[in-house]
Structures are given as structure tokens and as C-alpha cells.
Amino acid sequence: LQMEMIRETIPGILKEIREKQQCSFETLVEMGNLHLTMADKRRYYQDFCQVFMNNLKASLSGKGRTGKKGNEPSAAAKLHEACNKFMTAIGEGSLGTIRNVVEGALVLVTSTKGDVRGEVVHVEGDVACVDFVDEKDRNTDCLFDYVGYKSQESLEVDDVWSDGEKVFIAREGNTFDLLRKIPLEFIRTDPSWLKEKIAENRTDDLACFLNVDIFKNIVADFIEADWRPHCDDLVNETSDIIMTAVSESLACTVTSDRYPKLRTMIKTHSDRTAQSLLLEARKQVQKHLEIEKHPYTQDHVLFSNIANARHRGLKRELEVSLRLDQEGAYDTGAIKTIMDGVFERIRQKSVEEHMAEDMEIVLESYGKVATKRVIDRTPMICWEIFRSLSDSIQENLWNATDDTLAASMQDTAEFAEKYKQLTEELEEMNKALTIFQSVL
């Protein structure tokens with residue numbers, strides 16, 4: 001009877017032992033094996049590094065699973081976004097857009113009486129509105145459809161607004177003018193600023209030709225002011241993305257805090273390798289920008305653009321003066337008078353003005369060619385770091401010595417004691433299970 005009663009309690013005891021056994025087993029699995037020999041330590045280290053490399057490669061390439069939670073973009077996606085911002089910033093730089101008509105730009109508006117200087121205050125599609133710069137042009141019909149409207153409301157001087165069709169600009173005394181919408185083809189940037197640049201970079205050569213040294217100096221100034229800051233920013237952002245990818249990949253690899261020294265060692269070596277590659281990238285970007293300071297290209301687009309732009313202003317002024325947009329025809333005498341007037345205005349321009357116009361044309365044409373190069377070159381350097389980083393880090397980590405691993409993979413006394421206790425408990429429970437099962 002007593003044996004029967006004992007057998008009835010055994011299933012409950014077995015269930016309790018198995019639950020404790022499973023708990024101890026899972027804890028031991030989570031703790032991992034004891035790495036007593038150097039071969040065990042090396043094997044664990046290599047497996048750990050391989051998982052770390054897989055996570056890092058997945059993030060840097062954007063391919064595969066990175067182990068990160070949520071929808072956070074990969075390092076590759078972040079660099080793509082940074083390169084797009086870089087492309088936009090460089091494309092908007094003054095060397096590539098030196099003759100673009102934008103709000104705030106000083107421009108020349110072609111009229112029947114010659115060029116009128118002004119400042120762009122409104123751009124709308126293929127037309128723009130220009131305010132006067134010189135007092136003599138305050139009321140010119142080239143820029144205004146009507147001057148001197150009275151307002152019952154208080155207006156802020158130089159404020160520009162539109163009613164959907166017309167564009168107005170406020171003047172002093174609560175008056176305002178109606179700006180003319182001028183087709184962009186009759187507006188070009190004012191190259192007067194280049195006269196100062198030419199004067200600042202004057203050489204001892206005869207001042208009636210475009211000087212290559214002056215051109216080089218102006219290009220170099222633009223590169224330093226417009227390109228270098230954006231190139232440096234892209235490399236710095238690439239550095240931030242890489243360092244974040246390394247930290248996140250390592251965090252995804254570590255499942256416990258068993259070897260903090262090992263994690264620190266791997267992070268230190270990875271960061272050092274990344275910084276070395278980034279330093280080389282900065283040198284490559286620096287070298288590329290220095291090369292760009294010596295203008296050169298074999299792109300026929302440069303010469304084609306120069307040829308197309310060289311007489312564009314003259315053609316535009318002749319079209320406006322001869323009113324080719326209107327029906328009717330001038331007699332021969334009238335046409336001759338108009339053409340004489342146009343060429344007389346051109347003749348009255350100073351040598352500096354002609355040089356500034358020619359310089360602007362060459363700068364714009366070369367700027368478009370050179371801008372394409374820098375838009376591609378710096379991102380290519382950054383992407384090369386992404387592609388070579390994992391292999392460089394792995395090669396560095398593989399060189400870890402036995403002494404380094406031994407110092408980085410030391411279990412604490414508490415860990416060893418807990419591991420021993422769990423192992424003994426598991427052995428005792430296995431024995432107990434064997435005994436109780438023999439009774440059934």
C-alpha cells in the first residue's frame with residue numbers, strides 16, 4: 001500500500017524536477033560554455049567576430065538582415081540620403097549656377113535702349129520681375145507696367161506680393177508699383193562683380209586678353225567657398241554613419257555582458273580601422289579639390305557652351321531692338337539705324353566689361369563640366385570606404401594575439417561559481433530522474 005502511494009506521488013515530483021532541470025539548462029545555455037583552453041577562446045572569438053562582420057556588412061551594403069529592430073534605415077540607406085543632399089548642395093553652388101536667374105540676383109534686362117541694371121525680386125516659371133538699381137531707371141517701362149499706385153493701407157517698403165496675376169512692389173509713402181513680367185530669355189546675370197575679381201587677380205600680362213591665371217584664381221576661390229565645405233560635410237557625415245553602424249552591429253552581436261573587455265577591444269580596433277580609412281578618404285578629397293583648382297577638361301560640351309553663349313546677348317539685343325516679336329517690317333534705313341545703335345552701345349563698353357562678360361561665359365561653361373565631376377567623385381570615395389571597411393576590420397581583428405584574447409576573455413569568480421553550481425544541480429537532477437523513473 002505504501003509503495004502504491006509513493007508511486008502516485010512520483011509523477012508530480014518528476015514534473016517539478018523536469019521544470020527545474022529545464023530552467024537550469026536554459027540558464028547554462030544562456031551563460032555559454034566555459035572556455036578553458038586557448039583553442040576554445042580562439043574558436044569563440046572567431047565565431048563572435050564572424051557574426052559581428054555579418055551584421056556590419058549587412059548594414060553597410062543594405063543587403064540582408066542586420067539584426068536591428070524596427071524600421072531604422074541601414075547605413076547604406078543613410079549614405080544614399082547624404083549623397084543626395086550633397087548633390088543638391090553642390091549643384092546649387094555658384095560655380096555651377098553662376099548665370100542662373102534667381103531672386104536677389106543682380107541682372108541686366110535687355111531693352112530697346114540697351115541693358116537696364118536691376119535686382120530680381122520675383123521668379124515665376126519662365127518669367128521674372130526685376131526692380132531698378134540705378135535711380136535713372138526708377139520709372140522705366142522696361143521694368144514696370146505702372147508706377148505710383150496709392151494705397152489706403154500701410155505698406156512695408158520693398159515688400160513684394162502678387163494677386164495671382166500681377167506682381168507689385170511697395171514704395172515709400174504708401175505707394176506701390178506694378179512690376180512687368182519679363183521673359184527669362186531677356187534677363188541675364190550682371191557680370192560686373194567679375195571686374196573686381198579681375199582687378200584683384202591682375203597679372204603683369206597685357207590687360208586685353210582673358211588671363212588663364214586670373215581664371216584659375218577665380219575657380220580656386222569658388223572651390224574653397226562652395227565645394228570644400230560640402231565635401232568636408234559629406235565625409236564627416238560618412239564618418240558618423242560608419243561609427244553608428246559599428247556600434248549597432250556590435251550591440252546586435254553581444255547577447256550578454258560576459259566579456260566586457262572583449263567587446264571594448266573589438267570596438268576599439270574597429271573604430272581605429274574606420275578612422276584610418278576616413279583619414280585616407282579626406283586626403284583623397286583634398287587631392288581631388290587641389291587638382292580641380294587647375295582647370296582642365298576634354299569635354300566638348302565646354303567649347304560648345306562657350307560658342308553658343310558668346311553671341312547670345314548680341315542676338316537678344318538685336319531681336320528686342322528690331323522688335324522681331326511683332327508683325328511688320330522696318331525699311332533698310334531704319335534697320336541700319338537700329339543696328340548702328342546696338343553696336344555703338346557695345347563699342348562704348350570698356351575692356352573690363354567685355355572681359356567680365358567673356359569670363360562669366362567661360363566660368364559658367366566650365367563650372368557645369370567641373371561640377372559633374374565633384375558631384376560624383378566625393379561620394380565615390382565615401383562608398384569605397386563602405387565597401388572596404390568590413391574586410392579591413394576583419395583583417396585587423398584576426399591579428400589578435402593569444403595574450404590579448406586571454407586578457408579579454410576572463411570569467412569572474414561569481415560567474416565560475418554560478419556555472420559550477422548550476423552544473424552540479426543539473427547532474428543531481430539527472431540522477432534523481434533516473435532513480436524515480438526506475439521505481440515506476
- request: State whether the number of non-hydrogen atoms from other residues, nucleotides or ligands found under 6.0 Å of E196 atom CD is greater than 12.
  value: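 Result for CD/E196: open.
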
So that I can tick it off, tell me whether [Y] and [X] are bridged by a salt bridge, with the cut-off set at under 4.0 angstrom between side-chain N and carboxylate O.
| X | Y | answer |
| --- | --- | --- |
| D271 | K267 | yes |
| K336 | D340 | yes |
| D145 | K181 | no |
| K85 | E81 | no |
| E290 | K287 | no |
| R171 | D177 | yes |

- prompt: Just by modelled atom types, is the D115 backbone N or O under 3.5 Å from a matching donor or acceptor in the S111 side chain?
  reply: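 No, the answer is negative, given that no donor and acceptor are paired below the 3.5 Å cut-off.
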
- prompt: Counting distance only, does the side-chain N/O of R180 pair as donor-acceptor with the main-chain N or O of D141 below 3.5 Å?
  reply: yes

field: 4.5 Å side-chain heavy-atom contact, N236 and R282
entry: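 Sidechains of R282 and N236: in contact.
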
query: How many angstroms lie between atom CG of D240 and atom CG of L79, to the nearest 0.5 angstrom?
result: 11.5 Å

- request: Can you sort out the partners of R373 under salt bridge (Lys or Arg N to Asp or Glu O under 4.0 Å), two or more places apart, ordered by chain and number?
  value: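 Applying salt bridge (Lys or Arg N to Asp or Glu O under 4.0 Å) to R373 gives E292.
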
